[in-house]
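Just so it is clear, the values below take in all heavy atoms, side chains as well, and ignore hydrogens, waters and symmetry mates. Just so it is clear, the model here is predicted, and its values are computed rather than measured. We name chains A, B, ... by the order of the sequence lines, and we start the count at 1 in each one.
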Protein chains: 2
Amino acid sequence: MDRFRGVLKENNIKCTKGRLSILKILEENKEAANAERIYEKCSKEGVKIDLSTVYRTLELFEKMSLIEKFDIGEGKYNYLFKEHNHKHILHCKLCDKNLEIDCPMPQVSDIIKSKTGFVLVEEEIKFSGICKDCAKINKRKEEK
Amino acid sequence: MDRFRGVLKENNIKCTKGRLSILKILEENKEAANAERIYEKCSKEGVKIDLSTVYRTLELFEKMSLIEKFDIGEGKYNYLFKEHNHKHILHCKLCDKNLEIDCPMPQVSDIIKSKTGFVLVEEEIKFSGICKDCAKINKRKEEK
DNA sequence: CTGCGTGCAAATGCTTTGCATATGT
DNA sequence: ACATATGCAAAGCATTTGCACGCAG
């Protein structure tokens with residue numbers, strides 16, 4: 001349990017029972033969970049906490065890069081402890097610049113799962129396109 | 001303009017000024033648009049219509065498979081005229097069954113665009129995983 | 001002791017729905 | 001004429017925010 005205290009201290013986050021409990025729950029969870037689910041788990045562990053506090057805590061953890069928040073559609077979000085996160089490269093076809101983004105697959109994966117019950121275990125993706133800056137330049141050319 | 005009347009008739013949808021206008025706007029739009037944007041375009045064309053009617057019309061068109069509704073996160077949706085829609089195969093690694101889904105890339109694309117300004121123009125994806133039925137069987141095995 | 005964290009209630013923003021009226025066929 | 005489409009206002013729902021009080025450092 002002191003491990004979690006340490007994590008919070010390292011990130012200059014004040015220790016409170018709620019935050020410790022949420023951190024623990026997130027760390028133990030392999031799968032992404034939503035605020036409600038985390039709220040319920042807190043209750044089960046006897047930690048009385050308000051749902052709004054759960055949201056605020058998750059927001060804080062995300063800002064501190066302890067977890068990743070991802071949008072699963074319908075205005076809902078899941079939260080996942082950062083551990084095996086990986087990135088993707090967006091390669092601009094015009095300027096050859098590379099831009100790094102968090103892997104968007106957890107979202108796709110969750111969407112597909114909720115709609116079809118299909119669980120993705122493997123995927124290969126290659127992204128390429130046109131970056132913001134090049135898009136601007138392109139637009140200017142078109143306007144001439 | 002009669003083209004649109006025809007489309008509605010074919011689908012047994014009553015013709016109203018609002019529906020015609022929305023169908024026209026959708027057909028002319030290359031990019032996916034949200035209800036608000038469609039509502040604004042109606043107004044610009046002098047078609048007075050309520051936002052709730054726009055939503056109901058979009059819901060109807062989607063049910064009739066004239067358009068595709070896709071979730072772009074934050075509880076928001078975009079609508080796209082069906083024309084160049086393509087599908088993907090989900091291949092189950094356990095039973096070898098194939099499941100067809102609408103390409104999830106428009107969503108990913110819109111999400112990436114809104115967050116980074118990067119416009120995807122090309123992607124290669126290969127999905128494989130475990131289908132609903134096999135997941136069930138697997139679970140049963142684990143429980144033993 | 002002081003500022004940050006919290007509970008509670010109310011607000012938000014997009015979308016959906018109920019109901020009385022208007023409109024297409 | 002009759003069912004169905006529409007406008008208006010109000011409800012839904014996950015998430016966010018304002019405010020007064022409470023607790024960690």
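Here the shortest heavy-atom pairing between B/Phe70 and B/Ala32 reads CZ-CB, 3.4 Å.
Within the model, atoms NZ of B/Lys24 and CD of B/Glu27 stand 9.5 Å from one another, a figure rounded to the nearest 0.5 Å. Once rounded to the nearest 0.5 Å, the distance linking CD of A/Glu68 with OH of A/Tyr77 reads 13.5 Å.
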*Residue pair A/Lys41, A/Asn29: steps toward the side-chain contact (heavy atoms from CB on, under 4.5 Å) verdict*: CA-CA 11 Å; A/Lys41 290 205 178 187; A/Asn29 251 195; 3.1 Å; yes
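Without hydrogens or angle criteria, A/Thr53 side chain to A/Ile49 main chain gives no donor-acceptor distance under 3.5 Å.
Here the side chains of A/Leu26 and A/Ile22 are in contact, with some heavy-atom distance below 4.5 Å.
A salt bridge does not link B/Glu59 with B/Lys69: every distance from a Lys NZ or Arg NE/NH1/NH2 to an Asp or Glu carboxylate oxygen is 4.0 Å or more.
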_Generate the contact string for nucleotides 1-12 of chain C. Rules: B means base contact, S means sugar-phosphate contact only, - means no protein heavy atom under 4.0 Å._
--BSSBBB----
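To the nearest angstrom, P of C/dC14 lies 12 Å from OH of A/Tyr77.
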Report all side-chain donor-acceptor pairs from residues 7-17 of chain B shorter than 3.5 Å, counting only partners two or more places apart or in another chain.
| unit_1 | atom_1 | unit_2 | atom_2 | d |
| --- | --- | --- | --- | --- |
| B/Asn11 | ND2 | B/Val7 | O | 2.8 |
| B/Thr16 | OG1 | B/Arg19 | N | 3.3 |
| B/Lys17 | NZ | B/Lys48 | O | 3.2 |

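First and last contacting nucleotides of DNA chain D toward chain A (any atom under 4.0 angstrom from a heavy atom, 5' to 3' order): D/dA14 to D/dG25.
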